[in-house]
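Here is the naming used below: chain letters follow the sequence lines, and residue numbers restart at 1 for every chain. The shown structure was predicted, so the numbers you read here are calculated from the model rather than taken from an experiment.
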Amino acid sequence: MTVMHGTSERRAGARRARVLMKGNEAIAEAAIQAGCDAYFGYPITPQAELLEWMARRMPELGRTFVQAESELAAINMALGAGATGARVMVSSSSPGISLMAEGMSYMAGSEIPVVLVNVMRGGPGLGSIQPSQSDYFQAVKGHGHGDYRTPVLAPASISEAVDLVAHAFELAERYRTPVFILADGTLGQAMEPVELRFRTPERRANDWALTGADGRPPRVVKSLDLLPENLERHNLALQAKFQEIARREVRWAGQQLEDAEFAIVAYGTAARVARTAVARGRSRGIKVGLFRPITLWPFPERELARLAARLRGILVVELSAGQMVEDVRLAVEGRCPVAFHGRMGGMIPTPDEVVEVLRSFQARVGRRARRKALLPLPAESKVEPPSGNGHGAVDRAGWAPVEPVEPSEPVLAGGHRRRLREVAR
Amino acid sequence: MSVATPPRAPASPRVIYQQPELLSETSTRYCPGCGHGIIHRLIAEVLGELGLGPRTIAVAPVGCAVFAYDYLLLDFVEAPHGRAPAVATGIRRVRPDNFVLMYQGDGDLAAIGTAEIVHAAARGERITGIFVNNGIYGMTGGQMAPTTLLGQRTTSSPTGREASLAGYPIRITEMLAQLPGTAYAARGTIIDPSSVGKTKAMIKRACQVQLEGTGFALVEILSNCPVGWGLTAQQSMDHIRAEVIPAYPLGVIIDRGKRAVAPTSGGEG
Ligand SMILES: Cc1ncc(C[n+]2csc(CCOP(=O)(O)OP(=O)(O)O)c2C)c(N)n1
Ligand code: SF4
Ligand SMILES: [Mg+2]
């Protein structure tokens, strides 16, 4: 399918078009429109359409497409192309991302920009080809070896994925770092009528990139340094960069949080389910809202901590055994109870299932609150409160206004129809 | 005794040996007598003679030559162990006008990076590869490589490489020469001035092949690792002559010439 540029209007550098597209294809086209110079990949379900789209479009535009012999090769081709300052994308799904881990670490260490898309499927091992969010740890806590972080962007709709692709290239180039787009099989495979807001980030002057030492001293792009003092200095510089990213690049969206007693925290496809669950929970009298991290790293921890201080409980919903929930607990630091509900292996919780969990969580929290009131005071009155418990310190007025989340209904295709309808509900 | 005749203007001296411009003056970290240094020099000479220095983007391997970027005055990127051909492919595809050179050891190219070298050659990437076969993993302390000779003792084949346990040495350059994408494949060595001269000619041809755009070019160079082999530098050269060359015959294995079909290489190039 083709993007209808004829109908697109240009506004503030963004090209808009409304089309029906598969997530994988929309991500690919967004990369092309963002000025991606080179794409390297290897077929794997459920992201194969992304590679196929690139295979057709990139040569049409005189740009680079290589179907590599493996994901190992693909990421290292990206390393080579990226080292010359080219705008590079690589995509795969879970097992292929595991193979890319070493290359990601080299690119983080050598500070080579690249955008890497993981359309997650169920694991471990070969697992399944159905959607999953079980690679959160891998993406957020470090794929390869060494002390490094990469920004991880988690779109919850195809339109948002299109926005985030351009943003990912910006982040990658601004901070000279690999950037992950963490999608899942549902987002990759579903078709939605989407507002395609294409954007081409501006190119920066790359005074580090390899172009041939013509009239200037040679440049070296590398990660190795055998002198501990030097390598520590390099690491400190990297850490300073990660701190800057953590300070400046947090993104999240909220829905109906102003009066909420409970919040569901979910990203990506799980957030789609949660959105419906919030609406149904509200209709059954539960004051619940949605907190949706868009950057999984940097995690919106301060924002979530502030929210937690005014909540009775947080329910984390993931398509995993519980991975992001660890970051939620770290952010919440006991300010309110945190519960978890997840499905694995390609299963997706239904909104009703989530509402049920929420109801029993609500009852538990209620009982606990009553029990808490009956608890005797600790015998030692000098016991210090646990550090970081900021109940009293939280400035409620500082609570950030919530971004509205535009609902968009997925159009359903093939065998995914029934399950997706659940998601859409 | 005084000389009555006025001094004659000296004939302008003919330079027969000098520091190549592309070779840095830093002393290398290689062990005394190691072949990597000779091979670096040959690369610097050839690139200098062809005027390719300012156009070159080079790929350093993981192995003893990991610091090649400290010795060769070229733009360099460091590849993970074995992945130089993939890294070089990425560069080649987005920089069609640059000259792309990669340098690999035998563990790097013939063990961990076997898939990458085969497919870079199969795609006919316009890349020139220098493949230093010293029959051993020099950098990690002299373990067995896929190229280690039968019976050869290494730290991981302490009683000598046994075929029943560790298989047979790989002649990977001959394997690569089978591929239509390989425009040029040759094997040289550096055991004496004459073999150094021949190897230099091979490197030059492998560079010209890239300029002609006819495909992938590789020069395998039988080199030594005196430290890993437990020999003196001279003994190690004698060992190459007596044991290694019979197992890895020298010469041009394939040169498809200027008329070889240039594979398309994507991008604008
Ligand atoms: C993934 C990975 N595995 C292992 C190593 C350790 N390692 C470094 S160099 C090397 C072998 C190098 O041997 P070779 O390519 O023959 O080069 P030489 O040192 O002999 O010149 C190994 C195994 C590594 N750096 N990365
Ligand atoms: S270990 Fe062997 S290959 Fe490495 S520098 Fe020493 S002699 Fe050369
Ligand atoms: Mg070796």
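- Among Thr56(B), Thr89(B), Leu74(B), the residue making the largest number of heavy-atom pairs under 4.5 Å with chain A is Leu74(B).
- Between Asp106(B) and Glu220(B), every side-chain heavy-atom pair lies at or beyond the 4.5 Å cut-off.
- Ring pair Tyr39(A)/Phe65(A) is parallel by interplanar angle, where below 30° counts as parallel and above 60° as perpendicular.
- With a 4.5 Å cut-off on non-hydrogen atoms, Ile75(A) does not touch chain B at all.
- Looking only at heavy-atom pairs under 4.5 Å with chain B, the residue among Asp214(A), Asn76(A), Val66(A) that has the most is Asn76(A).
- Geometrically, Arg149(A) does not engage Phe242(A) in a cation-pi contact defined by less than 6.0 Å to the ring centre and at most 45° from the axis.
- Judged by the 6.0 Å distance and 45° axis criteria, Arg41(B) is positioned over the aromatic ring of Tyr17(B).
- Considering only heavy-atom pairs separated by less than 4.5 Å from chain B, the leading option among Ala213(A), Ala73(A), Pro217(A), Ala83(A) is Ala213(A).
- If you measure heavy-atom distances from Val62(B) to chain A, the contacts under 4.5 Å come from the side chain alone.
- Proximity to chain A is absent for every atom of Ala88(B), based on heavy atoms less than 4.5 angstrom apart.
- Cation-pi geometry between Arg176(A) and Trp208(A) is met: under 6.0 angstrom from the ring centre, within 45 degrees of the axis.
- When each of Gly82(A), Gly103(A), Ser223(A) is checked for heavy-atom pairs under 4.5 Å with chain B, Ser223(A) comes out on top.
- Contact of Phe99(B) with chain A is not made at all, since no heavy-atom distance falls under 4.5 Å.
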Next on the checklist: Under the criterion side chain to side chain donor-acceptor pair (under 3.5 Å), I'd like the reasoning laid out for Ser105(A) against Glu102(A): C-alpha separation, chi angles, the key distance, then a yes or no.
Outcome noted: CA-CA 5 Å; Ser105(A) 168; Glu102(A) 184 200 34; over 6 Å; no
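- Of the listed residues (Ala120(B), Ala122(B), Gly82(B), Pro80(B)), the one with the most heavy-atom contacts under 4.5 Å to chain A is Pro80(B).
- Donor-acceptor pairing under 3.5 Å is lacking for the side chains of Tyr71(B) and His36(B).
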